[in-house]
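Scope of the values below: all heavy atoms of this structure, side chains included, with no hydrogens, waters or symmetry mates. Labels below follow one simple rule: chain letters A, B, ... track the order of the sequence lines, proteins then strands, and each chain is numbered from 1.
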Amino acid sequence: MPELPEVETTRRGIAPHVLGRAVRAVTVRESRLRWPVAEELQTLLPGSRFSETRRRGKYLLLKTELGWLMIHLGMSGSLRLVSGDEPVKKHDHVDIELDNGMILRYHDPRRFGALLWVREPDSHALLCELGPEPLEPGFDGAYLHGRAQGKSLAIKSFIMDSHVVVGVGNIYANEALFRAGIHPDRAAGRVAKARYEKLAEAIRAVLTEAIRIGGTTLRDFVGGDGAPGYFQQKLNVYGRGGQTCRVCGELLKESRHNNRATVFCPRCQT
DNA sequence: ACTGGCACCTGGGCGC
DNA sequence: TGCGCCCAGGTGCCAG
């Protein structure tokens, strides 16, 4: 599920329910995630109070007096608030019980996600090398163009590198390249600055739109099953290989970059 | 320094 | 129905 819009939607969904709340207890049913669930969740988190939520790329950060709980949802993770009597389902790995009885429940079938403890987010190894936020100042065509100089890798792989820009996963990489009219195979270093301007704008547009739509499903984070399928009807290329291009009618082609599915229109994207 | 490929997991869908 | 195969929204790490 989670690309940047999903992570941001999760942050906005849980923020009003955790801010100002203290943690009553933590239950770890399965600690074998991408990295072992941090011991501090059980030694430091109980008794602490959440005072701030933040997102950096696809990492979610919840501040307490003693440090930050850092959460990554991996490929299949989700975080939602449930009432204390909600039955535990398979793959509900971690419960963080709040002082009002609600539970922040981490669910992750594939276990590619992570729950870590960090003292200082800005200097943490996983965060300090990350590229700019695509929706904040500092990310634009000039920046991308500059970073691409001398690079021979495919532009799709380039924009999916979190050291270049965070939060552009496979769906939105495909969609942004389509909107910008750029062929995904093109060498990053051989794309003109003007086209990077268009690409930066396309990345901002698809992410902003997805967050906007995701915002309408915020209620799902409390109670419901929290499985929004919102962006589907907006997709122009992702998952549409072999179907016709919505703009020109050409058959959409499929390929792969770094073992990730790529879909593009051979006529619109050059 | 770059780049491509692999690893970590489970579950769903498909063809036989 | 069952089995085996392929695929999946991420990303750190490794070898060449």
How close or far is atom [atom2] of [N] from atom [atom1] of [X], stated in whole angstroms?
| X | N | atom1 | atom2 | result |
| --- | --- | --- | --- | --- |
| A:D161 | C:dG10 | CG | P | 13 Å |
| A:E6 | C:dG10 | CD | C1' | 12 Å |
| A:N258 | C:dT11 | CG | P | 13 Å |
| A:E254 | C:dA8 | CD | C1' | 13 Å |
| A:D108 | C:dG9 | CG | C1' | 12 Å |
| A:R240 | C:dG9 | CZ | C1' | 18 Å |
| A:H257 | B:dC6 | NE2 | P | 16 Å |

Do [X] and [Y] have side-chain N/O donor and acceptor atoms under 3.5 Å apart?
| X | Y | answer |
| --- | --- | --- |
| A:D108 | A:H93 | no |
| A:T262 | A:K156 | yes |
| A:H257 | A:D185 | yes |

OP1 or OP2 of [N] sitting under 4.0 Å from any side-chain N/O of [X]?
| X | N | result |
| --- | --- | --- |
| A:K90 | B:dG11 | yes |
| A:Y172 | C:dG10 | no |
| A:S152 | B:dT3 | yes |
| A:H91 | B:dG11 | yes |
| A:R256 | C:dA8 | yes |
| A:H72 | C:dG10 | no |

Would you please determine if the base of B:dC8 is stacked by A:F112, with stacking meaning a centroid separation under 5.5 angstrom and planes under 30 degrees?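 Yes; centroid distance and tilt both under limits.
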
When you compare C:dC7 with B:dG5, how far apart are their P atoms, in angstrom units rounded to a whole number?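 Straight-line distance between the two P atoms is 15 Å.
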
Is a donor-acceptor pair below 3.5 Å formed from side chain A:R260 to base C:dA8, judging by atom type as modelled?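 When only heavy-atom distances are counted, A:R260 does not reach the base of C:dA8 through any donor-acceptor pair under 3.5 Å.
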
State the pairing partner of C:dT11; accept Watson-Crick or G-U wobble contacts with both distances under 3.5 Å, and report none otherwise.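 B:dA7 is the nucleotide pairing with C:dT11.
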
Taking pairing as Watson-Crick or G-U wobble with both contacts under 3.5 Å, can you name the mate of B:dG15, or confirm there isn't one?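 Answer to the pairing question: C:dC3, which forms a Watson-Crick or G-U pair with B:dG15.
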
Salt bridge or not for A:E175 and A:R240, using N-O below 4.0 Å?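 No, this pair does not count.
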
Hey, is A:K234 close enough to A:E209 for a salt bridge, meaning N to O under 4.0 Å?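 Looking at A:E209 together with A:K234, the answer is yes, because their closest N to O distance falls below 4.0 Å.
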
Report the residue (A:R34 or A:P109) whose heavy-atom-nearest nucleotide on DNA chain B is the more 5′ of the two.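 Looking at the nearest nucleotide for each, A:R34 comes out on the 5' side.
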
A:S162 or A:R110, whichever maps to the more 5' nucleotide of DNA chain C: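 Closest to the 5' end, via its nearest nucleotide, is A:R110.
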
Take A:T270 and A:H183, measure what side chain to side chain donor-acceptor pair (under 3.5 Å) needs, and give me the verdict at the end. CA-CA 5 Å; A:T270 58; A:H183 195 294; over 6 Å; no

Pick base, sugar-phosphate or nothing for [X], based on heavy-atom distances below 4.0 Å to the nucleic acid.
| X | value |
| --- | --- |
| A:Y59 | sugar-phosphate |
| A:L73 | nothing |
| A:N259 | nothing |

